[in-house]
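Structure, as structure tokens:
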Protein chains: 2
Amino acid sequence: MDSSPPIEATVAAPPLEGVEFLPLDECERGVIEMFVSAADVLGFPRSLGELYGLAYISPQPIHLAEVCERLKMSKGSASQGLRTLRDLGALKPVYVAGDRRDFFQPEIKMRVLVGRLLAERLRPHLERSSGALGQLKNEADATVTPQVKKFRQERIEMLGAWQKRISTFLPLLQRILR
Amino acid sequence: MDSSPPIEATVAAPPLEGVEFLPLDECERGVIEMFVSAADVLGFPRSLGELYGLAYISPQPIHLAEVCERLKMSKGSASQGLRTLRDLGALKPVYVAGDRRDFFQPEIKMRVLVGRLLAERLRPHLERSSGALGQLKNEADATVTPQVKKFRQERIEMLGAWQKRISTFLPLLQRILR
DNA sequence: CGGAAAGTTCAATCTTTTTTGAACAATCTC
DNA sequence: GAGATTGTTCAAAAAAGATTGAACTTTCCG
């Protein structure tokens, strides 16, 4: 018969059934939007920007239920997103005595954030490709046409120079961001 | 030693219908793969990595038909990809006398490549968000709870500091990469 | 133990991005 | 001008990526 849920009669009482947290205000939305945009620049999904943004502008540590309700995000998404950000070092677990829930605070040291990002993204690529470079050099050396061989050797040499440049640049960046 | 059977039957390749260019050899494939991986790190589609990679390891300027055949890429994709890379400044048009086709050579100055990338990606974001910051400050100032207001003002202040840091860092980066 | 609370997992779904291919436009050649 | 060559456009298909939600595990507590 009537499969619709029972209509909430307590209109006067602000705390509706299942609503525990305040909706985002103008300021919070603005800050979150900024982090969403940053996430976009970095190629991260929107939801990660929302999660970090909320943590960033929240005076108190955030937790799963709050995040689901205030950002209107599914539990699955929020759970995975929080984990990703924790693994990335962008959110730090915070222990709250007598509370079983997992709370998170944002890492706000730019140096740490950038460092983690580079370690996560760039380093694997650098390692893979510096490994591949040796093999590539052999293949260039095996080229028959002398002109083409020389050209290839030069270009692959330059690839190595680029990699080296990036590798030496990373520690420098870390120092600058202190 | 070499356990593979000595198959060396490939002499004069039969000129197949519609096949004008040599297939990629081991070396070319390796270099292209490296740029595909780099494109991935930067969040660009695979095809852009392939296109730039082929241009990078080709002694001669590349053109549409060659790219389609050697990379097994549709004409549409190749056309759009070449355009995107040209707009980005990663590929430079080359005039070849007496040939109506559009040829391209790669930009190989790292400083230029990085500079274009940042201008394309980061700058729009920085402009948008430095515009939004003023508004955000107002909203923080309008917060009722004194503690929360103070907290928000501090965090938004820090956002501004981050932006400034990035902005001053970009010219420095350009100088380092000279 | 039984139930509630918190969090995880993952197949299905939805969304966005990328690629294809055929039609079209522009330009050259004879 | 007719035909060939080169490149562009864009609607549709395919692929990749993100999100949902419901079932499940674990832990806590009386």
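Throughout, a chain's letter reflects where its sequence line sits, starting with A, and its residues are numbered from 1.
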Kindly say if [X] contacts the phosphate of [N], meaning a side-chain N or O under 4.0 Å from OP1 or OP2.
X        : N      : result
B/Arg100 : C/dC28 : no
A/Ser74  : D/dG21 : no
B/Ser47  : C/dT19 : yes

Could you give the [atom1]-to-[atom2] distance, from [X] to [N], as a whole number of Å?
X        : N      : atom1 : atom2 : answer
A/Glu20  : C/dA5  : CD    : P     : 10 Å
A/Gln80  : D/dT19 : CD    : C1'   : 9 Å
A/Phe44  : D/dT19 : CZ    : C1'   : 18 Å
A/Ile62  : C/dG7  : CD1   : P     : 11 Å
B/Leu71  : C/dT19 : CG    : C1'   : 14 Å
B/Asp40  : C/dT17 : CG    : P     : 16 Å
A/Phe103 : C/dA5  : CZ    : P     : 15 Å
B/Asp99  : D/dT5  : CG    : P     : 13 Å

* **Earlier contact from the 5' end, DNA chain D, for B/Lys75 and A/Ala78** => B/Lys75
* Closest-nucleotide ordering on DNA chain D, the 5'-leading residue of A/Pro45 and A/Gly76 ->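 Its nucleotide being nearer the 5' end, the pick is A/Pro45.
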Other residues, nucleotides, ligands: >12 heavy atoms within 6.0 Å of [X] [atom1]:
X        : atom1 : value
B/Glu33  : CD    : no
B/Arg46  : CZ    : no
A/Glu157 : CD    : no

* Supply the atom-to-atom distance A/Leu113 CG to A/Leu177 CG, rounded to the nearest 0.5 angstrom. =>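 The CG atom of A/Leu113 sits 10.0 Å away from the CG atom of A/Leu177.
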So if I take every side-chain heavy atom of [X] and compare against [options], which nucleotide ends up nearest?
X        : options              : answer
B/Ser77  : C/dT20, D/dG7, C/dT8 : C/dT20
A/Arg101 : C/dA6, D/dG7, C/dT8  : C/dA6
B/Asp102 : D/dG7, D/dT8, C/dT20 : D/dG7

* Asked: Do B/Trp162 and B/Leu170 belong together in a cluster built from hydrophobic side chains that touch within less than 4.5 Å?
  -> yes
* Of A/Leu64 and B/Arg46, whose closest DNA chain C nucleotide lies nearer the 5' terminus? ->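 Checking each residue's closest nucleotide, the 5'-ward one belongs to A/Leu64.
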